[in-house]
Amino acid sequence: MNFIIAGAIKAVKELYGQEIAENVINLQETRKEFEGQVTIVVFPIVRFSKKTPEEIAKDIGSYLQQNVAEVEGFNVVKGFLNLVIAESYWIDLFNNTLLQPDFLAVKSRGEKVMVEYSSPNTNKPLHLGHVRNNLLGYSVAELLKADGYDVVKVNLVNDRGIHICKSMLAWQKWGNNETPESSGLKGDHLVGKYYVVFDKEYKKEIDALKAEGQTEDEAKKNAPLIKAAQQMLLQWEQGDAEVVSLWKKMNGWVYAGFDVTYKKLGVDFDKYYYESNTYLLGKDTVEEGLAKGVFFKKEDGSVWIDLTTDGLDQKLVLRADGTSVYITQDLGTAQMKYDDFGMDKSIYVVGNEQDYHFKVLFLILEKLGKSWAKGLYHLSYGMVDLPSGKMKSREGTVVDADDLVAEMVATAKQKTEELGKINDFSDAEKEELYATIGLGALKYFLLKVEPKKRLLFDPAESIDFQGNTGPFIQYTHARIKSLLSKANYQFAPADYSKIKLSPTELEMVMLLAKYPTEITEAAKAYSPAFIANYLYEVAKLFNKFYHEVPPIIKEEDVAVKQHRLNICKIAADVIKSGMNILGIHVPERM
RNA sequence: GCCUCCAUAGCUCAGCUGGAUAGAGCACCGGUUUUCUAAACCGUAGGUCACAGGUUCGAAUCCUGUUGGGGGUACCA
C-alpha cells in the first residue's frame, strides 16, 4: 500500500504546497459498512492546510483517483477518505505475490538469536506452568526462525541444590530402593514422589519441635531432616562419591522422564546446559567486576553491587563463604552461552516472578561493559493459576503435564469417535490423530493468550474443541485438504483476465496477503498469540467463503474453479505454516 | 512501605504505533445439511472498556491519581 502513501504525500504537496512526513498519512482498512478497501484518516493532515477535514478528503480523493491508476473511486465520511482500489490490483496481488513459490519462503536476516526455555528443576515432574513455558519457548523460537533469524534453542537444567537433596534424602530413608522399573513409575514422577514425602515428614518434625516449645522459625531450622539435607548438599559440593552417585542415578531417572514429556509436547533443544557445570563459573565474572570497580567487598568478604542510583537495591553477588548464589551462576552462564554461540540476541523465557532478577542481571552485565548485554531479553510470562490458587509441587496441588496431555488426547479420541468420520483409519493412524487434536487444543489454548497475562485454568472445565480453538483451525485445514484432493487440484494460475472477486474472496486475498507482516510483527513482540489470533481469522473467513460459494468441485467455469481452488490452497498453506509456528500439527483428515 | 504487572460481555479472550457505531468464542435462544467434512455457517440477546481527572479535533488505547488482584522486594532457584 506504499503507493497510496506516496500518492497522498504528493497530493498534499501539489494541492497545499506542504511537505509532509510518511507517518502523517494514516492508513487503515476500510470498515465493512463503507465502500472501499483502504481508508486515509485525514485529521493529521488538517494542520497542513486551511480547509476542513471533509474538503481535504475530497481534494486528496480526487487527486488520487486522477493520478494513481489503482485508485478507482472514493467516498468521504466525516474525516475519513475511503478509497476503492481497482479489482485488478487485488488480482495482481494474489497472482503475483500469494501464488508465487517464495510467498512463504523465509528470508534470512543473518542474525543469530538464542532462546532459553524450559529450564526445569530435577526434583519433580513438569506441571502446567512448565507446559506454558515449554510451548511458549518452542513457539517463540519457531516464530523467530520464520522471521529469518538463525535460532539456537537451549535448556538450562537446574540439576543441583537443596531441593534435589530433599528428594534424594527422602528416597534414601523411605525409598526401599524403589526404581522406575520396580515401581512402574515414570522417573520424574518417582523422584517427585519423594520430594513430597520429604515435605510431609519435614512438617511432622516441625510440628513435633513446636510442641516442645520451639517457635516456627526455630523449628524450621532445627528439624533434623533439613539439617541432613543441608549436610548432603555440602557433601555433594565436596564431591562425596556416594552422594554424587545417588545424585547421578536419580537425575538420570528424571531426565528419562523429561525426555518422554518433551517428546509428547513436541519440543526440543539444540543444547543443554547444566547448573552443576556452570554454577562456579560466575566467580570469574565476580573477580572481573571487582577489578573493574563495579562490585565491592564487604568486611565479611561477601561481594555486592550497589544499584541504588538505578532505582534498585544493593544486591549480593557472592556469599561471604565464597559460594555462588543464583545471580552469580547466571552471570557465568550468560558469558558461557555468548562464548559458545556469539549470538546477537538472547531470549530468556522465564516466568514474571523473576522480573526483578533479570532486570538486575542485565544491568550488571551492562555495567561490566559486555557488548552483548543489550541483546538480552527476558520474555516474561504470567503464571498459570488454578481456581484454588497457585500450584505447589510440594503440596501436590498441581496439574501434572503428563496427566493433562493424556486427558486432552482422551477427550480428542472421544469427540472424534462421536463424529465417526475416520472409521477407515488404522489404529496407529487413529492414535496419531487423537494426539494431534488433543495437543492442538492444549497448545492453542495456552498460546492464544498474550504471554504476559496470567492464565486461569479450571481442570473442571475441559478445554474447548469448538470456536476459537486449535481443533477448529485444524478442522478447517482438513476440510480444505479434502476438498483439494477431491477436486484433483493441480497448482496453476487461473486465467485471471476473467476473474471477478466476490467481497469475501477479496477479504480473503487481503487477509492472506498480510501473513508475512503478521510474522514480523509477532516476532517483534515475541508473541505467538498474534499468530494464533491471525490464524483464527483466516479459518473463520475461509469457512464463511466455503459456505457462501456454491460447490467448487461442480463449478463449470474453468477459470473460476481454478481461482477458487487457488484461494483454498493458499489458505491451507498459510494455516499449516502458522500452526507450525505454534508447534501444532494439522491433519489431512479429521 | 517501595517496585512491577494486570483490570474490556455471565465465562475465556482479541482490539497493532490514539481514529468511524468496542469485536470473537463459550454458555443461552432461534435458524441452516437430497450439493465439496455441521469440530461448520447465519441470526437474537448480552458492555458506564474498574473508578476519577488530564492531554487531543478524537482515548479501551497516552499521562496522573484512586480502588481491586498477581508477583517481587532472601547469603532459595
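In what follows, chains carry the letters A, B, and so on, assigned in the order in which the sequence lines appear, proteins first and then strands, with residues in each chain numbered from 1.
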Legend entry - Rounded distance (Å) that lies between atom P of B:A24 and atom OH of A:Tyr534: 19 Å
Legend entry - Distance, rounded to the nearest Å, where A:Lys315 contributes NZ and B:U73 contributes P: 7 Å
Legend entry - Cation-aromatic face contact A:Lys448/A:Tyr536, 6.0 Å, 45 degrees: no
Inset, instruction - Assign A:Phe472 to base, sugar-phosphate, or nothing according to its heavy-atom contacts below 4.0 angstrom with the strands shown. - result: sugar-phosphate
Inset, instruction - Round to the nearest Å and state the distance from A:Arg47 atom CZ to B:G19 atom C1'. - result: 15 Å
Inset, instruction - To the nearest Å, give me how far apart CG (A:Asn543) and P (B:U32) are. - result: 20 Å
Inset, instruction - Before accepting this row, confirm whether a basic side-chain N of the pair A:Lys452/A:Glu450 lies closer than 4.0 Å to the acidic partner's carboxylate O. - result: no
Inset, instruction - Indicate, with a heavy-atom threshold strictly under 4.0 Å, whether A:Ile437 touches base, sugar-phosphate, or nothing. - result: base
Legend entry - Pairwise side-chain contact, A:Phe457 with A:Leu386, heavy-atom cut-off 4.5 Å (strictly under): yes
Legend entry - N/O (side chain, A:Lys78) to phosphate O (OP1/OP2, B:U21) under 4.0 Å: yes
Inset, instruction - Would you indicate which nucleotide in B:A40, B:A77, B:U4 comes nearest to any side-chain atom of A:Arg319? - result: B:A77
Legend entry - Atom-to-atom span, CG of A:Leu535 to P of B:A24 - whole angstrom: 19 Å
Legend entry - Euclidean distance, atom NE2 of residue A:His547 to atom C1' of B:A39 [Å, nearest integer]: 11 Å
Inset, instruction - Tell me the partner of B:C2, counting only Watson-Crick (N1-N3 plus N6-O4 or O6-N4) or G-U wobble (N1-O2 and O6-N3) with both under 3.5 Å; none if nothing fits. - result: B:G72
Inset, instruction - May I ask you to verify whether the side chain of A:Lys421 and the base of B:U37 hold a donor-acceptor pair under 3.5 Å? - result: yes
Legend entry - Rounded distance in Å between the C1' positions of B:C16 and B:U61: 10 Å
Inset, instruction - To the nearest Å, give me how far apart CD (A:Glu450) and P (B:A60) are. - result: 20 Å
Inset, instruction - Specify the residue among A:Val42 and A:Arg589 whose closest nucleotide of RNA chain B lies further upstream toward the 5′ end. - result: A:Val42
Legend entry - Nearest-nucleotide comparison on RNA chain B, the residue closer to the 5′ end among A:Pro471 and A:Val41: A:Val41
Inset, instruction - For nucleotides B:C62 and B:C41, find the distance between their C1' atoms and express it as a whole number of Å. - result: 40 Å
